[in-house]
Amino acid sequence: MCCGSWPTTPGPGHVAQALRLVAAPEVAGRGRDRATASLLASSHPVEELAVAYTGHASEELRACLVHELVLRDVAVTETPGIAGWATSPHWSHHPLRRLPLERSSVEERVDLPKYALHGESYSMPYGAWDEHGLPVVTGAPVPLATETTTAADAQAMTGAVANWAEESNGRMEARVFALADPLAAESVPAALLTLGLECMKGEEKKSTLLVSPCPPAEAWRVLFAAASTGGAYNSGLRGAYGRLAAWQSLAALAGAPQDAPFAEAESLVRESTWYGFDAETAWFDQVAWDFGIAALAPDGRRLAVLAATDTD
């Protein structure tokens, strides 16, 4: 079966046929379910997709399809044929059910793939930080910083880019620092240079560091792209699990407990101050897949940093 042709062929009959094919034991699997859900949501009007909730489809594919539709602004809780399944408590323990069934305003920019018969294309929003960022002020005061990164912190913060390392040539750095005093915005570039970050080694001699304040929506956009479309040699987690991984990383950067309800994590994300950064150091591969994100807590006393790079 060619999963790139059946799911994208117009018409409800082709949706049903695609679902029967991907349900076959010899091709079934989580990766196929995720890819099929993305293809179907991108290629068919929502009224043609209700058959996924009555016919041949795994629960995993249905869960993925719900969130692929949410990312496309479909009101799944009001859509005939889909609403009943989407709002049912029977999948309340599924990991995707931790996400809301409507888009958050933090998800205002969603870069979704475009599919064609012979492949797919997608945006790569890395390095899109404002070129008129914060200057590196020599001698800017930086409070005493103590690293507090735990293994759990690092795992959660890198959720969106773990696929780069596992399936491509990527590497990442995730660090958390407690600050003795509030960190002022104008001191953030200096802080990044003095925290001992691996990704910043050698930068003090080059002066290429770019640090730009950004809304949490832009940080989410970058993390979602990294998670959903992957790095140089892989296809990522697709939309549904890409959404989950992006929120996992964003919430962890903001300092939300891993078991925090979505509303609590989202509130902390909004209250934090976000920065994108880039530097021409040896750590970054400088090909296409490079980014740095820093989150400063509302009280200015916690700084979390995530940097990632990949190459072909």
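Remark: E186 pairs with A184 by the side-chain contact (heavy atoms from CB on, under 4.5 Å) rule, at least two apart or across chains. In this structure A178 satisfies the side-chain contact (heavy atoms from CB on, under 4.5 Å) test together with T148, sequence neighbours excluded. In this structure W85 satisfies the ring-ring contact (aromatic ring centres under 6.0 Å, His included) test together with Y53, H90, W91, sequence neighbours excluded. Judged as a ring-ring contact (aromatic ring centres under 6.0 Å, His included), and not counting sequence neighbours, Y233 has no contacts.
Considering CZ of R32 and CG of L39, their distance stands at 9.5 Å, rounded to 0.5 Å. Rounded to the nearest 0.5 Å, atoms CG (L183) and OG1 (T273) are 10.0 Å apart. With rounding to the nearest 0.5 angstrom, the CG atom of L65 is 6.5 Å from the CG atom of L61. A distance of 13.0 Å separates CD in E271 from CG in L296, rounded to the nearest 0.5 Å. Rounded to the nearest 0.5 angstrom, L303 CG and F177 CZ are separated by 7.5 Å.
Contacts classified as salt bridge (charged side-chain N to carboxylate O under 4.0 Å, His left out) and involving residues 302-312 (residues at least two apart or in different chains) are not found. Under the side-chain hydrogen bond (donor to acceptor under 3.5 Å, both in side chains) criterion, the residue pairs touching residues 247-256 are E107-W247, with sequence neighbours excluded. Contacts classified as salt bridge (charged side-chain N to carboxylate O under 4.0 Å, His left out) and involving residues 133-155 (residues at least two apart or in different chains) are given here: E147-R175. Identified under the salt bridge (charged side-chain N to carboxylate O under 4.0 Å, His left out) test for residues 70-87, with sequence neighbours left out: E68-R72, D73-R103. Counting only residues at least two apart or in different chains, ring pair (Phe, Tyr, Trp, His ring centres under 6.0 Å) contacts with residues 269-288 are absent. For residues 275-293, the salt bridge (charged side-chain N to carboxylate O under 4.0 Å, His left out) pairs, not counting sequence neighbours, are R171-D285.
With a 6.0 Å radius and a threshold of 12 heavy atoms from other residues, nucleotides or ligands, E47 has its CD atom above the threshold.
Formation of a donor-acceptor pair under 3.5 Å by the T36 side chain with backbone atoms of D33 is not found in this model. When atom types are taken as modelled, the side chain of S38 and the backbone of A35 share no donor-acceptor pair closer than 3.5 angstrom. Looking at T281, its side chain never comes within 3.5 Å of a backbone N or O of E203 through a donor-acceptor pair.
The aromatic rings of Y241 and H94 are tilted relative to each other, their planes meeting at an angle between 30° and 60°.
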Residues 253-266 side chain polar contacts: donor-acceptor under 3.5 Å, at least two apart:
unit_1, atom_1, unit_2, atom_2, d
Q258, NE2, A152, O, 3.3
E266, OE2, S104, OG, 2.5
E266, OE2, R270, NH2, 3.0

Cut-off 3.5 Å, no hydrogens considered: what does the side-chain donor-acceptor table look like for residues 192-200, sequence neighbours left out?
unit_1, atom_1, unit_2, atom_2, d
T194, OG1, A190, O, 3.1
T194, OG1, A191, O, 3.2
E198, OE1, K201, NZ, 3.3
E198, OE2, K201, NZ, 3.2

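The cluster map of Ile, Leu, Val, Met, Phe, Trp and Tyr, joined by side-chain heavy atoms under 4.5 Å apart, puts L40 and L112 in the same cluster.
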